[in-house]
2 protein chains.
Amino acid sequence: MSQKISLLGYALMGLLHSRPSSGYELRKVFAQTPLISFSDSPGAIYPALARLEEQGLVRGQIEETTGLRRKKTYRLKAAGMRELKKWLEKPITRDDVIWGMEELSLRFAFSDSVIGEGNSIKLLKALEGQLKAYVPTLHDYLKSQGNNLPNSGRLSLEMGIRVYEAQLQWARDALTTYPSRIKVDKK
Amino acid sequence: MSQKISLLGYALMGLLHSRPSSGYELRKVFAQTPLISFSDSPGAIYPALARLEEQGLVRGQIEETTGLRRKKTYRLKAAGMRELKKWLEKPITRDDVIWGMEELSLRFAFSDSVIGEGNSIKLLKALEGQLKAYVPTLHDYLKSQGNNLPNSGRLSLEMGIRVYEAQLQWARDALTTYPSRIKVDKK
DNA sequence: GGTGGCATGTAACCGGTTACATGATTAT
DNA sequence: ATAATCATGTAACCGGTTACATGCCACC
């Protein structure tokens, strides 16, 4: 039924949502953007775009307007928009926090412009909740297992904890930057 | 020449270095360890162990001692130890910091017991240096591009920066926990 | 005329994911 | 008995990596 889309596929759709682009332009975005590691290799992007097109999620149009070199501009189709929204609005689970913070960070990055500020806040709150629940279990693990680990092993674990704590603190700070509309749109 | 080994392969060798184990035991480690996301699926671990064995890096011995159910215990061979050390001692590049912090964290976790405290410290210092150089470029990027991004996009970028800053701070703190032997073993 | 950026693709390879398969042992 | 855990594997699928291939255009 609902087709499988790779993380790269969602990233491409998210970018196409903000502006129609060619594969080359999308590659440049990946090459220049420092965070969220997507490869800018043609062997990843062009096949991914072709897959999205086959699935009817994006449309590629060759522009031959002014005798320029050929260039294929992709646009997000309605079905693509639906899939993008579905992905962004998926509930956040504990597993997402453990195995997929990178994906969550990408989802949040797109959320404002695709599903709106109110839903961004929802996403943030859910993320904060999951992190708040998860961080203590890491501390427990460290307390119970820390002595069995070699020095650098324990330190490495501590680094992981610090990273999660930083993300939690970030989520809290981020929430304060959203104007708290008196009575946020109920329901 | 020097065979290609996946990150999972190195992780397995690192664990086998500390104690010979069966595939099942290694799976349990992955299932229970909260950080560094390796799958505990048999479809990943057993083929990976088989590859390492083909490459002469580990040796698997079936234990049939007391009529128990069969169990294959793997041990790290000398060649495996060499590859493991080579991996741990590889110089750290800027690209490692951008695309492979997870791998660096794993390398550091194994470093104490495989290559010794002195080399752990070297690794840490190199990591600190790379992070110290990289973090400012992220701030520059945020300053120059932040205004072009939607709110949540900019916030997402800030999260990435916070994570790198947390890792940098961690590296500094970690270095202070190593006893500074007066005149660290020279050369 | 050569370098470098624009622009799109293909194909072999590799390894992780998912799902299936098997069977012994241990606890309820 | 039967469910859970121990224990090892196989095979199809998928998609990212790497490397190769092509050709235009601009600039010096």
Side-chain angles (χ1 to χ4, degrees), chain A residues 2-13 20-32 36-55 57-74 95 98-100 102-103 106, chain B residues 2-13 20-32 36-55 57-74 95 98-100 102-103 106:
Chain A
S2 77
Q3 44 238 316
K4 267 157 216 158
I5 301 163
S6 70
L7 190 54
L8 174 59
Y10 286 114
L12 292 170
M13 287 198 290
S21 316
S22 66
Y24 192 78
E25 287 164 343
L26 294 165
R27 281 179 62 201
K28 275 192 300 182
V29 173
F30 290 145
Q32 287 160 12
I36 314 222
S37 44
F38 289 105
S39 147
D40 65 333
S41 86
I45 277 115
Y46 291 111
L49 285 169
R51 278 195 301 274
L52 292 173
E53 193 167 21
E54 272 170 48
Q55 294 172 106
L57 305 173
V58 304
R59 180 169 32 99
Q61 262 174 314
I62 293 133
E63 291 183 4
E64 204 72 72
T65 42
T66 46
L68 294 160
R69 20 177 164 39
R70 81 202 177 290
K71 180 174 156 177
K72 205 187 211 170
T73 301
Y74 287 92
D95 278 8
I98 302 179
W99 311 99
E102 213 164 312
E103 178 170 351
L106 185 67
Chain B
S2 77
Q3 44 239 314
K4 265 156 219 158
I5 302 163
S6 71
L7 190 54
L8 174 60
Y10 286 114
L12 292 170
M13 287 199 289
S21 315
S22 66
Y24 192 77
E25 286 163 343
L26 293 165
R27 283 180 60 200
K28 274 191 302 181
V29 172
F30 290 145
Q32 288 161 10
I36 314 220
S37 45
F38 289 105
S39 145
D40 65 333
S41 85
I45 276 115
Y46 291 112
L49 285 168
R51 279 196 301 275
L52 293 173
E53 192 166 23
E54 271 169 48
Q55 294 173 103
L57 304 174
V58 304
R59 181 168 31 98
Q61 263 176 314
I62 293 132
E63 290 183 5
E64 205 71 73
T65 43
T66 45
L68 294 160
R69 28 178 158 36
R70 81 202 178 289
K71 180 175 157 179
K72 206 186 208 171
T73 300
Y74 286 92
D95 278 9
I98 301 178
W99 310 100
E102 213 166 310
E103 178 169 351
L106 185 67

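Each chain gets a letter, A, B and so on, in the order the sequences are listed, and its residues count up from 1.
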Per-pair distances, 0.1 Å, donor-acceptor, side chain in residues 36-53 of chain A, under 3.5 Å, sequence neighbours excluded:
| from | atom 1 | to | atom 2 | distance (Å) |
| --- | --- | --- | --- | --- |
| A:Ser37 | OG | A:Glu102 | OE2 | 3.0 |
| A:Ser39 | OG | A:Ser41 | N | 2.8 |
| A:Ser39 | OG | A:Ser41 | OG | 3.2 |
| A:Ser41 | OG | A:Ala44 | N | 3.4 |
| A:Glu53 | OE2 | A:Gly60 | N | 3.0 |

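- Going from atom CD1 of B:Ile62 over to atom P of C:dA24 covers 17 Å, rounded to whole Å.
- Taking the screw axis at each terminus of the helix from C:dG1-D:dC28 to C:dT28-D:dA1 from five consecutive base pairs, the angle between the two is 20° to within rounding of 10 degrees.
- The side chain of A:Lys72 places an N or O atom within less than 4.0 Å of a non-bridging phosphate oxygen (OP1 or OP2) of C:dG9.
- Dashed line: the shortest gap from a side-chain N or O of B:Tyr24 to OP1 or OP2 of D:dC6 is under 4.0 Å.
- At the phosphate of D:dT8, OP1 or OP2 sits under 4.0 Å from a side-chain N or O atom of B:Tyr46.
- Remark: B:Glu103 pairs with B:Trp87 by the side chain to side chain donor-acceptor pair (under 3.5 Å) rule, at least two apart or across chains.
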Restricting both atoms to N or O, compile the protein contacts to nucleotides 14-16 of chain D shorter than 3.5 Å, with distance only.
| from | atom 1 | to | atom 2 | distance (Å) |
| --- | --- | --- | --- | --- |
| D:dG16 | OP1 | A:Ser6 | OG | 3.2 |
| D:dG16 | OP2 | A:Arg51 | NH2 | 3.2 |

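- Positionally, the nearest nucleotide of DNA chain D for B:Lys28 lies more toward the 5' end than for the other of B:Lys28 and B:Pro47.
- Put simply, CG on A:Leu26 is 14 Å from P on C:dC6, counting in whole angstrom units.
- Spacing between atom CZ of A:Arg27 and atom C1' of C:dC6 amounts to 10 Å, rounded to whole angstrom units.
- Computed from coordinates, the B:Gln61 CD to D:dA7 P distance equals 17 Å when rounded to whole Å.
- The distance from atom OH of A:Tyr74 to atom OG of A:Ser22, rounded to the nearest 0.5 Å, is 9.5 Å.
- Rounding to whole angstrom units, CD1 of residue A:Ile45 and C1' of C:dG9 are separated by 13 Å.
- Partners of B:Thr73 according to the side-chain contact (heavy atoms from CB on, under 4.5 Å) rule, which considers only residues two or more places apart in sequence or in another chain, are B:Pro20, B:Glu63, B:Lys71, B:Arg75.
- Rounded to whole Å, the distance from CG on A:Asp40 to P on C:dC6 is 13 Å.
- Distance check: B:Leu12 CG to B:Leu57 CG gives 11.5 Å after rounding to the nearest 0.5 Å.
- Scanning all heavy atoms of the two residues, the minimum distance from A:Ile5 to A:Tyr10 falls at O-CE1, 3.4 Å.
- Between the C1' atom of C:dG5 and the NZ atom of A:Lys71 lies a distance of 14 Å, rounded to the nearest Å.
- Between the CD atom of B:Gln32 and the C1' atom of D:dC6 there is a distance of 13 Å, given to the nearest Å.
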